[in-house]
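Quick notes on the structure that follows.
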Amino acid sequence: MSTETEAPVAQTAGKIMLVGIGPGSVDHMTARARAAIAEADVVIGYVTYIKLVADLIEGKEIIRKSMTEELDRAVSALEAARAGKKVALISSGDAGVYGMAGPTYEVLFQSGWTPDDAVQVEIIPGASALNSCAALVGAPLTHDFCAISLSDLLTPWPTIARRLDAVAMADFVVALYNPKSGRRTRQIVEAQRLFLRHRRPDTPVAIVKSAYRRRENIVFTTLDSMSDADIGMLSTVLIGNSNTFVRNGLMVTPRGYANKYDMDGGATREGERAGRSLSTGLLGWLETLAAEHAAGDSIATLAARYRLPADYIQATLDEPWEAAAAAPTEETEA
Ligand code: SAH
């Protein structure tokens, strides 16, 4: 017979669950998000989000908070969890995207919490506004994209402006969160000004308000007129890259298949091979670069041609490289 003794169980420890509930409709909440709310003793969140899960919270302790009380919410959550309760902190979209996950960990660390603490933390992912808004307008994010919040409540404007400038220059598709509020009306105008320095005025822009909520509204416009559109606290602004187009009311950013395949027949273009990097991919480009340099193009000329830093061009030319044929690996992507 086994004489093993069980490790002493800590007093039923509390738990903090950071629940991303998606854009706002029950259908777009994950099963785990709903289960987490259902198993919670305490539910904390904005009134609007609490209303969205009204069916799950009967009999629970509810703490309704306003926008400016994020740190208070994290503190309340920790207090309740220390008292042995399971706490669900509700965020719209994903709790880790401009949400409560960051402030909560900051408050926890401040109080001396570590991952071994009796109070456990679970983050439950949800569809962020960029996922929801993209799904409603077509396929705008099928190539490199990034998110920038125009809120200067906690971030200096020069930081935001520098990021806008960098991603506009680098041709990312961009999702602008917190684009405008009653008091913050000029940020979107400044964002437009920075983008127009790098992108065509007719670059497609989609403005999605209240995705998957009752007052959902979608407007297609262009970069040069986006700041005239109706934009508010519940809008996300999607700005296309230089290849993004709108057709039949759908905003689409090409993946790049047209670079490799004939889009009519599906045949591979001259010089390209299925499952391999493009001829202008890294190895092919290095070959071209070396040849151009050998033919007399200076580092400065090459840097200007490819819009890359001269020291980077120099470093790649200095690095020994293998011929493109060397690596036989096939690539597959979902
Ligand atoms: N955690 C959230 C973002 C919170 S910041 C998420 O992952 O989506 C708040 C901003 O999110 C809003 O200003 C708006 O830009 C965007 N947003 C949130 N829900 C939205 C919705 N249903 N439709 C459109 N934009 C939304």
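Remember, it's 1-based here, ligands and their atoms both numbered in the order they're listed.
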Examine Arg199 relative to Phe195 and say whether NZ or CZ is less than 6.0 Å from the centre of the six-membered ring and inside a 45° cone about the ring axis.
no
Please state which protein non-hydrogen atom is closest to atom 7 (O) of ligand 1 and give its distance, to 0.1 Å?
Ser128 OG, 2.7 Å
Contact check, Ser210 vs ligand 1, heavy-atom distance below 4.0 Å
yes
Tell me the protein heavy atom at minimum distance from atom 4 (C) of ligand 1, and give that distance in Å.
Tyr98 O, 3.6 Å
In terms of atom number and element, which parts of ligand 1 are under 4.0 angstrom from non-hydrogen atoms of Val208?
24 (C)
Is the Tyr105 ring parallel, tilted or perpendicular to the Phe109 ring (thresholds 30°, 60°)?
parallel
Please could you name the atoms of ligand 1 that Arg213 approaches to less than 4.0 Å, counting only its heavy atoms?
19 (N), 22 (N)
Using a 4.0 Å heavy-atom cut-off, which part of Leu130 comes near ligand 1: side chain, backbone, both, or neither?
neither
With distance as the sole test, does Thr253 use its side chain to make a donor-acceptor pair with the main-chain N or O of Pro140 at under 3.5 Å?
yes
So is Lys209 polar-close to ligand 1, meaning N/O to N/O under 3.5 Å?
no
N/O separation below 3.5 Å, Ala211 to ligand 1
yes
Could you identify the single nearest non-hydrogen protein atom to atom 11 (O) of ligand 1 and state the distance to 0.1 Å?
Tyr177 CD2, 3.4 Å
Closest approach of any protein heavy atom to atom 10 (C) of ligand 1, naming residue and atom:
Asn178 OD1, 3.6 Å
Between Asn178 and Arg184, does the side chain to side chain contact (heavy atoms under 4.5 Å, CB included) criterion hold? Intermediate values first, please.
CA-CA 9 Å; Asn178 300 302; Arg184 292 184 305 103; 3.7 Å; yes
Is the closest heavy-atom distance from Tyr212 to ligand 1 below 4.0 Å?
no
Find all atoms of ligand 1 within a distance of less than 4.0 Å from any non-hydrogen atom belonging to Pro179, and give their numbers and elements.
15 (O)
Counting heavy atoms only, which of Ile207, Thr236, Val97, Thr48 comes nearest to atom 3 (C) of ligand 1?
Val97
Just heavy atoms, cut-off under 4.0 Å: does Ser132 contact ligand 1 by side chain, backbone, both, or neither?
neither
Is Gly24 in contact with ligand 1, taking contact as a heavy-atom separation below 4.0 Å?
no
Can you list the ligand 1 atoms lying under 4.0 Å from a non-hydrogen atom of Ser235?
14 (C), 15 (O), 25 (N)
So, does Ala95 sit close enough to ligand 1 that a heavy atom of it is under 4.0 Å from the ligand?
no
How are the rings of Trp285 and Tyr312 set to each other: parallel, tilted or perpendicular (split at 30° and 60°)?
parallel
Give the residue, atom name and distance (to 0.1 Å) of the protein heavy atom nearest atom 24 (C) of ligand 1.
Leu234 O, 3.2 Å
Basic-acidic side-chain contact under 4.0 Å: Asp55, Arg34
yes
Which atoms of ligand 1 have any heavy atom of Pro23 under 4.0 Å away?
22 (N)
Out of all atoms in ligand 1, which are within 4.0 Å of some heavy atom of Gly93? Include the element for each.
6 (C), 7 (O), 8 (O)
Regarding Ser151 and Tyr98, do their side chains bring together a donor and an acceptor under 3.5 Å, going by distance alone?
no
protein heavy-atom neighbour closest to atom 8 (O) of ligand 1 works out as Ala129 N, 2.8 Å
Crowding at CZ, Arg82 (>12 non-hydrogen neighbours, <6.0 Å)
yes
